Amino acid sequence: MSAAPGAPLEWLIIGGGIHGVHLAVRLLAEAQTQPERLRILDPGPALLSRWRQCSTNTGMRHLRSPAVHHLDVDPWDLLAFAGANHRGKGAPEGSFAPPYSRPSVALFDRHCQEIVARYGLQDLHICDRATRVALGCDHVTVTLGEGAPIHAQRVILALGAGDQPRWPSWAIELQTHSLPIEHVFSPGFRLDPEQWPQRMAVIGGGISAAQVAMRLADAGKEVHLVTRHPLRRHQFDSDPGWIGPKYMRGFSATPDLRARRAMITEARHPGSLPPDVHRALRLAISQQRVQLHLGQPHAHLHQGQIVLNVAEDYFPVDGVLLATGFEGARPGGALVDALVQSHALPCSDCGYPVVDPQLRWHPRVYVTGPLAELELGPVARNIVGARRAAERIVPTAIQDSAPRSYST
């Protein structure tokens, strides 16, 4: 759907993933934003399509997040949708996994679809890509890849790191030879194990790598899982204390943004596995369905064959799937780079936005997700981070007394 020609929106959300959808729901439900005054700009064929692609590729069965972290307003809505009580009981078997009543991906996705339909968000989706954001004195103009420019009073940058999958240099070299090597989070990639060779290497030590390795093993492949470090076991990717005041009080009281970045880095558990995935992977390894290799991987070609070298152990494979996460650079690429340069938006030494407590980077530009992490802390990228961002942005939207005039 496109916006009415020349009509200024009240809000334009750039990004139709978890964060963008949740912010749209909260603006409609709590700030009483009229649907015709709000749009979600995302190049995917449907809202949340990128999230579905990633979760499908990994074969993830249950979320790492608890049932109260979802996209609607009421924390208990997902449990009610599943017909469960507050402990997850009463729902169909397999709907939730202990601990914390973590919902299955299938249930979470059905709930997301219901939310999109309930709020009519599919009618607010503009299937296009932002190529430029220009800030005027009383409006924002967003240039699109194909459609007419959009004018809005305010924009929310709900941009994730999903377009920045991390590729090791040796993998980039191998791909130039048209070999079967891919990153599981490459935009547009769909993993069908049946279409991949028999001897497979999965590179990475986190939950995505483990799930991909087990998905390939279930398909009867010979699987080599290569990780730089021993398997790490953590229920969440950061301590739950970062959700509330236990740790955030000290974080928010720290004015030095370099110190905040260090706190975020120390708090995160990258490349870690929740206990249930850790157990399942250990079982697959003990059954020799997955072979674990510890060390920094390298690879070369030998007579057209991919040969991996891990800690001086050489072994041939026919295909490689990378589950090596995402680059740490500021999301948004050239779009955000140009916005920073053209309007001198403040950034920290690490390149991420310096925003106020309401997540304003500029009077007309708000951020959520990774772009908000110097204000929201280690959970900024997660589902709960979307909820925390809404708690900052929506009250401002309700109270905002910015002029509603519009000029070209």
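Computed from a predicted model, the values in this text were never measured in an experiment.
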_Separation of His362 NE2 from Asp356 CG (nearest 0.5 Å)_ = 12.0 Å

*Say you draw a straight line from CD1 of Ile156 to CG of Leu23; how long is it, rounded to the nearest 0.5 Å?*
4.0 Å

*What are the two closest heavy atoms between Ala213 and Val290, and how far apart are they?*
O-CG2, 4.1 Å

*When you check the gap from the basic side-chain N to the acidic O, do Arg268 and Glu373 get nearer than 4.0 Å?*
yes

*asked:* So for atom CZ, which belongs to Arg61, do other residues, nucleotides or ligands contribute more than 12 heavy atoms lying within a distance under 6.0 Å?
replied: no

*Closest non-hydrogen atom pair, His125 against Gly44*: CE1-O, 3.0 Å

_Over 60° means perpendicular and under 30° means parallel, so tell me whether His224 and Phe315 are parallel, tilted or perpendicular._
parallel

*If you round to the nearest 0.5 Å, how far is OG of Ser104 from CZ of Arg110?*
6.0 Å

*Does Arg102 come within less than 4.0 Å of Asp276, counting only side-chain N to carboxylate O?*
yes

*What residues, two or more places apart in sequence or in another chain, satisfy ring-ring contact (aromatic ring centres under 6.0 Å, His included) together with Phe108?*
Trp51

*Please state whether the rings of His234 and His269 are parallel, tilted or perpendicular, taking 30° and 60° as the class boundaries.*
parallel

*Arg132, CZ: over 12 other non-hydrogen atoms inside 6.0 angstrom*: no

_Partner set under salt bridge (Lys or Arg N to Asp or Glu O under 4.0 Å) for Asp74, not counting sequence neighbours_ = none

*Do Val340 and Cys347 touch side chain to side chain, with heavy atoms closer than 4.5 Å?*
yes

*Determine whether more than 12 heavy atoms belonging to other residues, nucleotides or ligands lie under 6.0 Å from atom CZ of Arg199.*
yes

*What is the minimum heavy-atom distance between Ile398 and Ala31, and which atoms define it?*
CG1-CA, 3.7 Å

_For Arg289, is there an ion pair with Asp218 - N to carboxylate O distance below 4.0 angstrom?_
yes

_Exercise: identify the closest heavy-atom pair between Ala217 and Val223_ = N-CG2, 3.6 Å

*Do Arg381 and Asp237 sit within salt-bridge range, that is, some charged N less than 4.0 Å from a carboxylate O?*
no

_Residue pair Leu47 / Ile40, side-chain heavy-atom distance below 4.5 Å_ = yes

*Which distance, rounded to the nearest 0.5 Å, do you find between the OG1 of Thr265 and the CZ of Arg260?*
14.0 Å

*If you count the non-hydrogen atoms of other residues, nucleotides and ligands that lie under 6.0 Å from CZ in Arg228, is the total more than 12?*
no

*asked:* Less than 4.5 Å apart, side chain to side chain, heavy atoms only: is that true for Ile150 and Ile126?
replied: yes

*CD of Glu182 to CG of Leu322: how many Å apart, nearest 0.5 Å?*
8.0 Å

_Looking at Glu375 and Arg392, is any side-chain nitrogen of the basic one under 4.0 Å from a carboxylate oxygen of the acidic one?_
yes

*Between Trp242 and Val379, what is the shortest heavy-atom contact and its length?*
CB-CG1, 4.0 Å

